[in-house]
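Keep in mind that the numbers below use all heavy atoms, side chains included, and drop hydrogens, waters and symmetry copies.
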Amino acid sequence: MESSSWRAVGNQLLLLLCLVLCGSSSSAALGRTRMIQKIHKEGVGGSWLSHKLEQYECNSLLNPSRNPVKVETYISPPIVFEPGDAKNKYFHIQAPKGHLGLRNFVAEIVDSHGVSVPLHEVYLHHWFLFEYAVPKNQSVENTQTLLRSLTAKEGKKNNLGSHLIGHGLMKRRKTHELADIGDDQIFKLLNTFGKGAETRRTETRLPAPFALELAPPSQIPMGYESVWILNVHGLDTRGAVDRMGCTECRCDLYNATTDEEGDPLPEGYLGGFHCCTDGRKCAVKEGFNGPERALYLKSSWEYVDWDECVVPLDFFGIDITNKLHGFGGNLIEFTVEGCGDADPNSEACVDTQDTTVSAPIGGRVVYVVSHLHATVLDATLWGEDGRVICRTLPIYGHGTEAGDENGYVVGVVSCYPPAGSPQGWITQGEELHYQVKYSKVGGPHTGLMGIVGVKIAKDEAPLAI
C-alpha cells in the first residue's frame, strides 16, 4: 500500500480514537473539532500524535467532571484565651489522606459556634502547617515526640525557624535527607505553608493544572507515613491598653525583659516575637473583665487526586531582613523608627528596606505573594532586568467586622503572572530585587516583616492543544 493510503487509513483510525477520547458531550465538541481539523491538516506524525493525545488527555482529566476538586473542612483543637493572653500552640491535626494536589487552603480563627473572630479581639500573628514523614511503627508515640520537640523552649531554633520554613525560606529536604529532631527520633519535613493576619482576604488558589504535591511517594521513606502539625500563634487584645502595640509585640506592654529561653533580651530590642511567646500577657486596662473562651482554627482544603496531568510547584522565599543572601537567615523581624514632626506624607516618614538574592530555582512563575504587617505601604519583586514580577500591595480594613477590621492588613494582593509574559519566568541564578516600604508615622513599630513567597513550575506539562 502506498504511503498516501497508509496516511488515509491512519487518519481514519485517529478520528475514531479522537471520538473515544474526546467524548460525545457538547462540552467536548470544541476540543474534538480542533483535534479533527489538526489531523486533516497535518496527518499522522508519530511525535505529533503522541504529544497531542497526551495534551488532550490531560486537558480532559483536568475537567472538573474527570478529576473533580474536593473540599474538606477541619476544626483544630481548642486554644483557650483570656484578655491579654499570648498563645503559641502546636497540634497534631486531621488532614486529607493520600497522594494529592493541593489547589487552595483557607483558614481563620472562629469561636465555638463557628463565628469568625475579628482581629481586634484576637490577632492572628501566624498559622503554619507542617507535613512530616514519621515512622509508622508506634506512629502515635512518634508524633507526640515530634510535637514535644517543636514546642520545646527553643525559640531561636524553632519558633522563628517556623517563620523561615513556613514562608519558603528553608527549602524542602532532598529524598535521602532526614531531620533529627530530638529524642533520637528521625522525621522528614515534606511540606509547609502558612499565613498571618492577612489570611482571610489573600487569594491563595492555584490555577489548574498546578498544585502543591501532598504526601509525595518519592519523598516518603519506606516504613514511614505522613502526618500534619499545626502551629497557631494568637494574641488576645480585648481590653488592651494599646491594642496595636500588643499586635507588634512591644516588650514593655508584655512586661518582658527576657526571651522565651530566659536569656536577657538584646540591647535595644523594643519588640518582636521574643516578647509575645506562649504564656505571656499583654497589658489590659484596669478594671476590664472579659470572659475566658475557647477558639479554633477553621481550615478548608481544596485538592485533586494526584495524576500525571497535575503539575507540581516548587517554591522559595525572600526575607527582606537578610541582606546577605535573601533567604535562610534568622532575622525575620525588624523595627521602624518614628518620624517625629515630619510631614506624614513625605519621604521622611517612609522606611525602605531592600535585598537582592540569586534565584535558587528557575521556571514559570505561577504565584507570588508577600507576608506583611500593619503600617506597610508597598512590597515589590523585580527581575534582574528591572521588570516587575509582582507588586504585592496590602489590603487594609475599614470597619469592625471580621475580614474588614479598621487599621489591620486583612489581605495582601497576590500575583498570577501570565504565561509567556516576561514577568512569568525566572531564570535560576537570576538576581532578584525585593523591596518593602513601611510607614514611620506613629513609630516606632516593632516585629515587622517583609517576606515574599514565589511558587514556580520547574517542568511544565503540556497544557493545551
Side-chain angles (χ1 to χ4, degrees), residues 51 54-55 58 62 101-103 131 163-177 189-194 203-214 216 218-219 306 308-329 354-371 379-392 412-436 450-464:
H51 180 62
E54 179 184 358
Q55 285 182 319
C58 282
L62 287 170
L102 186 66
R103 286 275 167 76
E131 184 186 22
H163 280 283
L164 288 164
I165 298 171
H167 290 295
L169 297 170
M170 288 183 178
K171 293 177 285 185
R172 184 183 301 166
R173 302 178 192 277
K174 301 297 183 181
T175 303
H176 62 277
E177 292 179 341
L189 180 63
L190 301 174
N191 274 304
T192 182
F193 49 90
E203 180 59 67
T204 56
R205 182 172 283 103
L206 299 174
F210 305 106
L212 180 65
E213 187 177 8
L214 307 186
S218 64
Q219 297 286 314
W306 195 268
E308 68 279 5
C309 297
V310 181
V311 181
L313 294 181
D314 209 332
F315 63 91
F316 66 89
I318 302 174
D319 169 22
I320 197 68
T321 69
N322 190 325
K323 306 301 183 184
L324 181 60
H325 300 296
F327 54 88
D354 293 89
T355 193
T356 301
V357 56
S358 296
I361 55 176
R364 177 182 166 183
V365 181
V366 175
Y367 177 83
V368 184
V369 75
S370 288
H371 170 64
T380 305
L381 179 67
W382 288 273
E384 189 172 78
D385 58 0
R387 71 192 186 283
V388 175
I389 296 172
C390 183
R391 188 180 183 197
T392 56
V412 176
V413 177
S414 47
C415 294
Y416 298 86
S421 66
Q423 64 267 38
W425 190 269
I426 287 176
T427 303
Q428 185 174 5
E430 178 180 357
E431 293 295 305
L432 304 177
H433 176 208
Y434 183 47
Q435 182 182 86
V436 177
I451 302 171
V452 64
V454 182
K455 289 185 170 62
I456 283 183
K458 292 198 295 186
D459 296 302
E460 186 180 327
L463 301 183

Partner of Val454 under side-chain contact (heavy atoms from CB on, under 4.5 Å), chosen from Ile389, Leu432, Val369, Val368: Val368
Smallest separation among heavy atoms of Ala359 and Ile426, with atom names: CB-CG2, 3.6 Å
Side-chain donor or acceptor of Arg103 paired with backbone N/O of Phe210 under 3.5 Å: yes
Spacing of CD1 belonging to Ile456 relative to CG belonging to Leu313, to within rounding of 0.5 Å: 9.5 Å
Approximate separation, where rounding is to 0.5 Å, of Cys390 SG and Tyr367 OH: 9.0 Å
Main-chain N/O of Gly101 paired with Glu213 side-chain donor or acceptor, under 3.5 Å: no
Test item: Ser414 and Thr204 side chains (from C-beta on) under 4.5 Å apart, heavy atoms: no
Nearest-0.5 Å distance that lies between atom CD in Glu384 and atom OG1 in Thr356: 10.0 Å
Main-chain N/O of Gly362 paired to Gln428 side chain as donor or acceptor, under 3.5 Å: no
Residue pair Pro422 / Arg387: nearest heavy atoms and the distance that separates them: O-NE, 2.8 Å
Exercise: identify the closest heavy-atom pair between Glu203 and Tyr416: CG-OH, 3.2 Å
Distance, nearest 0.5 Å, that separates CG of Leu381 from CD of Gln435: 11.0 Å
Side-chain touch Leu102/Phe193, heavy atoms, less than 4.5 angstrom: yes
Chi angles and distances behind the side chain to side chain contact (heavy atoms under 4.5 Å, CB included) call for Gln423, Val365: CA-CA 8 Å; Gln423 64 267 38; Val365 181; over 6 Å; no
Non-hydrogen atoms of Cys309 and Pro209 that approach each other most closely: O-CB, 3.4 Å
Ile361 to Phe315 - nearest heavy-atom pair and separation: CD1-N, 4.0 Å
Contact check, side chains of Pro216 and Trp306, non-hydrogen atoms, under 4.5 Å: no
N/O donor-acceptor pair under 3.5 Å between Thr427 side chain and Glu430 backbone: no
Interatomic distance, Leu190 atom CG to Glu131 atom CD [nearest 0.5 angstrom]: 4.5 Å
Closest non-hydrogen atom pair between Ser370 and Val412, with its separation: O-CG1, 3.6 Å
Straight-line distance of Leu212 CG to Lys455 NZ, nearest 0.5 Å: 7.0 Å
